[in-house]
Amino acid sequence: MVRSWYELPEYVRLRRVNGLRLSPDGTRLVAPVSGLAPDDKSFRSALWEIDVNPESEGGHAPRRLTRSAAGESGVGFLPDGSMLFTTGRPDPEAKAEDKAKAALWLLPADGGEARQVASRPGGVGPFTVARDSGLVAFTSDVLPRSEDDEEEKEARKARAEAGVTAILHEDLPVRAWDSDIGPDHPRYFVAAPPADDDARLGDPRDLTPDAGMALLGAGGSLSPDGTTLYTEWRVPVGKGAHRTDVVAVDTATGERRTLATDPAYDFGRPQVSPDGGHLLLVRSHEGEYDGGPRDETVWLVDLATGEGRDLLPEHELWPRELAWAADSDAVFIAADENGRRPLFRIDTATGAVTRLTGDHGAYSGLNPSPDGRYVYALRDAWDAPPAPVRLASDTGDGQPVYLRTPGSELTMPGTLTEVETTADDGTRIRSWLVLPEEASAESPAPLMLWVHGGPYMSFNGWSWRWNPWLLAARGYAVLLPDPALSTGYGQEMVGRAWGKWGPRTYADVMSATDAVEARDDIDAEHTAMMGGSFGGYMANWIAGHTDRFKAIISHASLWGLDGFNGTTDYPPVWEQEFGTPLDRPERYILNSPHLHAAEIRTPMLVIHGDKDYRVPISEGLRLWRDLLLHEVDAKFLYFPDENHWILTPGNAQIWYETIYAFLDHHVHGKEWVKPELL
Ligand SMILES: CSCC[C@H](NC(C)=O)C(=O)N[C@@H](C)C(=O)N[C@@H](CO)C(=O)O
């Protein structure tokens, strides 16, 4: 039986293109692509080569380059075109006692078997390569007392043999996303490129033995000659909070100097220019309680003078992706704008901003070509999964040229349209609307309102986790609004609900829903809503403030803001806006959904993963307790081993199946039929 892609067993089998990397000479394009593992129980990533030419110019079909049970991720190139990647696959040449951890492997430019070229007891993390010298810098987790590999191995062995997993903390974070922090922490190592075609990298040298927790989540960039590593560096500012500076580290001596620092800002995502003369950064401001909201911009440091400047002083674009042009005279950014994520070119001398795309796509994975003609990127949109494209690097016609994709070219079971309305304060609220094929005045479609998470983001591109076409295939229209706090509409849109998450965002979302329910192809009597994370917060707020929906689904949601504050993995980022419950209770009182529990009448499906450290399971448990106390018709779909996102194929199918069943029962009045495997 041929099933359509939007039916769950097929959907989880689709290959997903997750990134893009162009070789230094511009001839090879490689993408990490995930697919279903042979046992159907997990997704696994492999590296595929994509022809830089489109089929119309003779481009050949994509070619799979790697194939291991552990999967491969991260990809870079040495100057000779050899491809580096990280993988946890076993090394046939390793000693028995060396347990496989993520290590650095090399696939020769002219093909053949890949070989391991660098490993560390704590594994190998993200890496970067000096374009000309081939020096490699990578992070690796190291136990605090370890001075060298042998001490590291002994210390790890001692903990394991003693059965000790305890971690003593003295600062935040204790956890991040779904991982515990410590007792080992990342340090930067550098290693020379292989001396010959059978060698490993040179012995890795620890550049930052005193890093402590400064390199948590750090990204780095090496000067073309490899003499300097530019990296983020976290600096404690007291009470568990930190700011992020950017430092330059001499790769010969380890000497460190600060390049970008400001008590009011964080600096991150360093990229050194191809000519080595400038450093591209993102400068972000977390906002101030009584002041303006969060803000981000493109920051450029002149490495000769150390001077830094805002490259977008007249614009309110938040750079989601950045890359240097080959001639170092411009940078490319992809930024959320008006429900899209277009590509822009910024002239670094004049500051002129040129829009390079004009479609409804969202661009990422930016790889400018060395000849300056193109930018290779991934394009996605609500009606198209991420796929490799080639874009003109100057004004051009703004249209992408599609390359042959290792992913899937899918036909949507319906249509994508855009709707606009005006909120009660006069603000334009635009939304995407997914319509099922059969929606018409004669056969109006039931409506599902989805509210995005973040909250500082836009519902502007494809989502594998939340795919509206799976609901469209079951007859639902899906409304995807960008309310207050959404990015791509200027600072004013972010500021409208700063400290007023509930009331202001609720009013915007209800305006969008009212407008769409007035359409004759929408059945306003059969509606539901759902949201995850901050979108789940909105689901909880909506449940306490209206009975208009027949069902509400609340995934990984914030329920009691006071409890969330103390348990989320990094409270300081939220305290800029809310303060802390004891010293500034007013915004917790104004915005916390749990204070409206007694008003909830709508049947609710609560969903939460136990390993969620961003929005901890305590939020879901407290919501569940409160719904039972108020005798709300509710169910709780609990995932003992999933995190903030439901990432295994089996559980992802159950996630959708349970939502389908809950909607069939509460929106369409069908008998409640629990999914078979629950
Ligand atoms: C786009 S705002 C940054 C995301 C935010 N980051 C931090 C450090 O907390 C975040 O994780 N927000 C969650 C509460 C959330 O709403 N997550 C969304 C979007 O990432 C989700 O879909 O999980």
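If you're wondering where the values come from, they're calculated on a predicted model, not measured in any experiment. Start at 1 and go down the list; that is how both ligands and their atoms are numbered.
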Scan the side chains in residues 170-183 for donor-acceptor partners under 3.5 Å anywhere in the protein, sequence neighbours excluded, and list what turns up.
residue	atom	partner	partner atom	Å
Asp171	OD2	His242	NE2	2.8
Asp178	OD2	Asn643	ND2	2.5
Asp180	OD1	Tyr613	OH	3.2

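In this structure, the side chains of Thr297 and Asp295 stay at 4.5 Å or more apart for every pair of heavy atoms. The shortest side-chain heavy-atom distance between Trp382 and Ser463 falls under the 4.5 Å cut-off. Within the 4.5 Å cutoff, the side chain of Glu577 has heavy atoms near those of the Trp501 side chain.
Atom 1 (C) of ligand 1 has its closest protein heavy atom at Tyr456 O, 3.0 Å. Looking at atom 6 (N) of ligand 1, its nearest protein heavy atom turns out to be Arg614 NH1, 3.6 Å. Protein heavy atom nearest atom 15 (C) of ligand 1, with residue, atom name and distance: Ser533 OG, 2.5 Å.
Here the closest heavy-atom approach between residue Ile654 and residue Pro675 is recorded as CD1-CB, 4.3 Å. Taking both residues in full, the closest heavy atoms of Ser554 and Met604 are given as CB-CE, 4.0 Å, listed atom of the first, atom of the second, then distance.
Comparing Ala176, Gly454, Ser463 against atom 16 (O) of ligand 1, the shortest heavy-atom distance belongs to Gly454. The nearest non-hydrogen atom to atom 20 (O) of ligand 1, considering only Tyr570, Phe534, Trp645, comes from Trp645.
Within the structure, the closest approach of Trp574 to ligand 1 falls below 4.0 Å when heavy atoms are considered.
Geometrically, ligand 1 and His644 share a nitrogen or oxygen pair separated by less than 3.5 Å.
Taking the six-membered ring for Trp and thresholds of 30 and 60 degrees, Trp466 and Trp655 have ring planes more than 60 degrees apart, a perpendicular arrangement.
The contact set between ligand 1 and Met457, taken as ligand atoms under 4.0 Å from a residue heavy atom, comprises 19 (C).
The part of Arg465 lying near ligand 1 is the side chain, judged by heavy-atom distances below 4.0 Å.
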